[in-house]
Amino acid sequence: MPELPEVEFYRLLAESAVDRPIKTVDAPDAWYLKRGATARSVRAALRGRSFVGTRRIGKLLLLDVSGDAPTLGLHFGMSGRLIVDGVAGIDDLRYASNRELTAWDRFRVRFEDGGDLRMRDPRRLGAVELDPDESRLGPDALTVSAGELARILGTSTAPVKARLMDQARLAGVGNLIADEVLWRAGVDPRRPARDLDSADVKQLHKHVRRTIKDFLTHGGSHTGDLLPHRVTGGLCPKDGVALQRAQVGGRTTYWCPTHQT
DNA sequence: ATTGTGGCCTGCCCGC
DNA sequence: TGCGGGCAGGCCACAA
């Protein structure tokens, strides 16, 4: 599914959509437009203008628009793809169909030059909005500082995994990255966040950033050390013992009972 | 405020 | 071979 690394690849792809005058907007799925956006309002915001730049906060892709028009915000959910001029940002998505069906195109911006930018999303869990409230997201997980992470974990009694995945506090860590990071850091995902000592926090900070960087280098969220073994009956690739599986923070979680404490 | 739960979406996979 | 029920997880509404 698209986590932070995939959205960063989408952002790089979206760079090729910058500075191209927009001719029309197709928004055939009203359900896909969120927070008050309508086909009419999005069309009015974009038509005759251009994207002037791309940004990303966590899993939110932001396309800034020329003039005084509102920024376009794209959420990819877990099955959304970005396609520009027929080129997909990611070839293979876990937990999503890789088939190509234009019936799954939920949103399209067509340029005067004949090209287009599309969101293809079989499960319709993504979303398009105008002028997204960027303050509802915490600092980006790729650049979060050690001090910020310590404050995010703070005095919370919630499981550390739930805290890491709280987008309002730390933007960009999804379920797979959370499991990989906790596995690398040797931290039990169920532990109350406030029980972590400074050494644990230091490990988590190191591995949050390093894991995301690894994924960016190696091509996506499916390249982790734990993830190939994150299946029913999987063994810890470090200790060889059976991985535990349970719901933590409402999400399916795998961890090693031996070295994650 | 904080934390937990349930539901949404729909393609896919497993077992019958 | 077809079919039904789980399952996947990001996000949000809602409850305690």
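A straight line from NZ of A/Lys34 to C1' of C/dA13 spans 12 Å, rounded to a whole angstrom. Separating the CD atom of A/Glu129 from the P atom of C/dC11 is a distance of 11 Å, rounded to the nearest angstrom. Rounded to whole Å, atom C1' of C/dG10 lies 13 Å from atom OH of A/Tyr10. The separation between A/Asn175 atom CG and C/dC11 atom P is 12 Å, rounded to whole Å. Counting to the nearest Å, the P atom of B/dT10 and the CZ atom of A/Arg120 are 16 Å from each other. Per the geometry, CZ belonging to A/Phe76 stands 13 Å off C1' belonging to C/dG10, to the nearest Å. Taking atom CD on A/Gln247 and atom P on B/dG4, their separation rounds to 13 Å, with Å as the unit. A straight line from CG of A/Asp121 to P of C/dA8 spans 19 Å, rounded to a whole angstrom.
Residue contacts for A/Arg194: at a heavy-atom cut-off of 4.0 Å it reaches no nucleic acid atom on any strand shown.
A/Glu3 contributes no side-chain N or O that, together with a main-chain N or O of A/Val173, makes up a donor-acceptor pair within less than 3.5 Å.
When each of C/dC11, B/dG11, C/dC12 is scored by its nearest atom to the side-chain atoms of A/Arg35, the top-ranked nucleotide is C/dC12. For A/Arg169, taking side-chain heavy atoms from C-beta onward, the closest of the listed nucleotides C/dC11, B/dT2, B/dG11 is B/dT2.
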**Message:** Go through it in stages, so that I can follow the logic: the residues are A/Gln247 and A/Thr253, the test is side-chain hydrogen bond (donor to acceptor under 3.5 Å, both in side chains), and I'd like the CA-CA distance, side-chain angles, deciding distance and then a yes or no.
**Reply:** CA-CA 6 Å; A/Gln247 298 292 116; A/Thr253 302; over 6 Å; no
**Request:** Report the C-alpha separation of A/Asp64 and A/Thr71 in whole Å, then their side-chain angles, then the decisive distance to 0.1 Å, and conclude whether the side-chain hydrogen bond (donor to acceptor under 3.5 Å, both in side chains) test is met.
**Result:** CA-CA 5 Å; A/Asp64 291 315; A/Thr71 294; 2.6 Å; yes
**Request:** Decide yes or no on side-chain contact (heavy atoms from CB on, under 4.5 Å) for A/Leu130 and A/Leu72, but give the supporting numbers first.
**Result:** CA-CA 5 Å; A/Leu130 287 174; A/Leu72 187 69; 4.0 Å; yes
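Checking A/Glu148 against A/His205 by side-chain atom types alone, no donor-acceptor pair falls below 3.5 Å.
Among residue pairs with one or both ends in residues 154-172 of chain A, those qualifying as salt bridge (charged side-chain N to carboxylate O under 4.0 Å, His left out) are A/Lys161-A/Asp179, A/Asp166-A/Arg169; sequence neighbours excluded. For residues 15-28 of chain A, the salt bridge (charged side-chain N to carboxylate O under 4.0 Å, His left out) pairs, not counting sequence neighbours, are A/Arg11-A/Glu15, A/Arg20-A/Asp85, A/Arg20-A/Asp113, A/Asp26-A/Arg108, A/Asp26-A/Arg110. Among residues at least two apart or in separate chains, there is no salt bridge (charged side-chain N to carboxylate O under 4.0 Å, His left out) pair with a member in residues 242-253 of chain A.
A/Leu243 and A/Leu182 end up in different hydrophobic clusters when Ile, Leu, Val, Met, Phe, Trp and Tyr side chains are linked at under 4.5 Å.
Annotation: proximity of residues 143-167 of chain A to DNA chain B (heavy atom, distance under 4.0 Å) is found for A/Ser156, A/Thr157, A/Ala158, A/Pro159, A/Arg163, numbered in ascending order.
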Quick test: give all pairs of protein nitrogen or oxygen and nucleotides 6-9 of chain B nitrogen or oxygen below 3.5 Å, distance rounded to 0.1 Å.
unit_1: B/dC9; atom_1: O3'; unit_2: A/Arg124; atom_2: NH1; d: 3.3

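One axis for each end of the helix from B/dT2-C/dA16 to B/dC16-C/dG2, each built from five base pairs, and the angle between them comes to 40° at 10° resolution.
Among all heavy-atom pairs drawn from A/Pro122 and A/Ser79, the shortest one is CD-O, 3.3 Å.
Heavy-atom nearest nucleotides on DNA chain C were determined for A/Thr252 and for A/His75, and the one closer to the 5' end corresponds to A/Thr252.
Separation of the A/His207 and A/Trp183 ring centroids does not fall under the 6.0 Å cut-off.
Other residues, nucleotides and ligands contribute only 12 or fewer heavy atoms inside 6.0 Å of the CZ atom of A/Arg40.
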